[in-house]
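Both backbone and side-chain heavy atoms feed into the values below; hydrogens, waters and symmetry mates do not. Counting starts at 1 for both ligands and their atoms, in listed order.
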Amino acid sequence: MSTIAQRLSAVRAKISQAEGRAGRPAGSVKLLAVSKTRPLADLQAAIAAGQTAFGESYVQEAVAKITALAGQGLEWHFIGPIQSNKTALIAGHFAWVHSVDRAKIAQRLSDQRPADLPPLNVCLQLNLSGEASKSGIHPAELPELAALVARLPNLCLRGLMTIPAPEADPAKQRQPFHDLRQLFEKLCQDGYALDTLSMGMTDDLEAAIYEGATIVRIGTAIFGARD
Ligand SMILES: *Cc1c(COP(=O)(O)O)cnc(C)c1O
């Protein structure tokens, strides 16, 4: 077994344990392998070990990988900051975008989604730690952006995403995930049919699963430390 296959199976085991401890059904958390900056051979090792969903943050690098690995039934998720001159490539090559945080970007993704592809699955990214430098909208902006995205014909609003500020204390890790879950539930009460909470990375996946994550985005634990 390759190192990547071994790490992948350790991550899967950790997810199952966390599901169990949180009293959630087995298989309710989807594993997104975050393969940004990784060479094609690393992705191929993960694919050989059964991984099908990959997350990428840099558009050009991602499109090269998507093209090289076409025809294998893979599902590609864009999770990085979005510049408006990259929306056409994103709309043309990805099944999901987790990092929508502006009306203009949402509009462009919908306008540029090719007609022969199903609607692009979208999560809205929230900034819950209040750092001015981080991407993501403030919770107060959520109702307006959700309403706009829900109206766009070639987007399918699936849920919310957040990247919390790093926090080593597991007890404190849960707060932003709890907050995201509350915002998610409020939108569901308001009539949105959402099913996705994209939250949890290598260092906080258990806290995220405890608070209801449906997709965890894991890079380091699968592929090793990034340079
Ligand atoms: C890089 C990245 C991850 C993966 O982080 P790890 O700590 O390596 O698991 C998850 N989400 C986003 C948005 C990222 O950019």
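- In terms of hydrophobic clustering, with Ile, Leu, Val, Met, Phe, Trp and Tyr side chains grouped at heavy-atom distances under 4.5 Å, Leu160 and Phe94 are assigned to a common cluster.
- Classified by interplanar angle (parallel below 30°, tilted 30° to 60°, perpendicular above 60°), the ring pair Trp96/His77 is parallel.
- No more than 12 heavy-atom neighbours from other residues, nucleotides or ligands sit within 6.0 angstrom of CG on Asp203.
- Screening residues 27-48 for side chain to side chain donor-acceptor pair (under 3.5 Å) gives Lys30-Glu75, Ser35-Glu56 as the qualifying pairs, with residues at least two apart or on separate chains.
- Electrostatic pairing of Arg24 and Glu19 does not count as a salt bridge here, judged by no charged N lying under 4.0 Å from a carboxylate O.
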One line per pair, note the atom names and distance for all nitrogen or oxygen contacts under 3.5 Å between ligand 1 and the protein.
| unit_1 | atom_1 | unit_2 | atom_2 | d |
| --- | --- | --- | --- | --- |
| ligand 1 | 8 (O) | Thr220 | N | 2.8 |
| ligand 1 | 8 (O) | Thr220 | OG1 | 2.6 |
| ligand 1 | 8 (O) | Arg226 | NH1 | 2.9 |
| ligand 1 | 8 (O) | Arg226 | NH2 | 3.2 |
| ligand 1 | 9 (O) | Thr202 | N | 3.1 |
| ligand 1 | 9 (O) | Thr202 | OG1 | 2.5 |
| ligand 1 | 9 (O) | Gly219 | N | 2.8 |
| ligand 1 | 11 (N) | Arg217 | NE | 2.9 |
| ligand 1 | 15 (O) | Lys36 | NZ | 2.6 |

Report task. Apply the test side-chain contact (heavy atoms from CB on, under 4.5 Å) to residues Ile137 and Gln125: give CA-CA distance (whole Å), side-chain angles for both, the deciding distance (0.1 Å), then the verdict. Result -> CA-CA 6 Å; Ile137 55 170; Gln125 183 174 350; over 6 Å; no
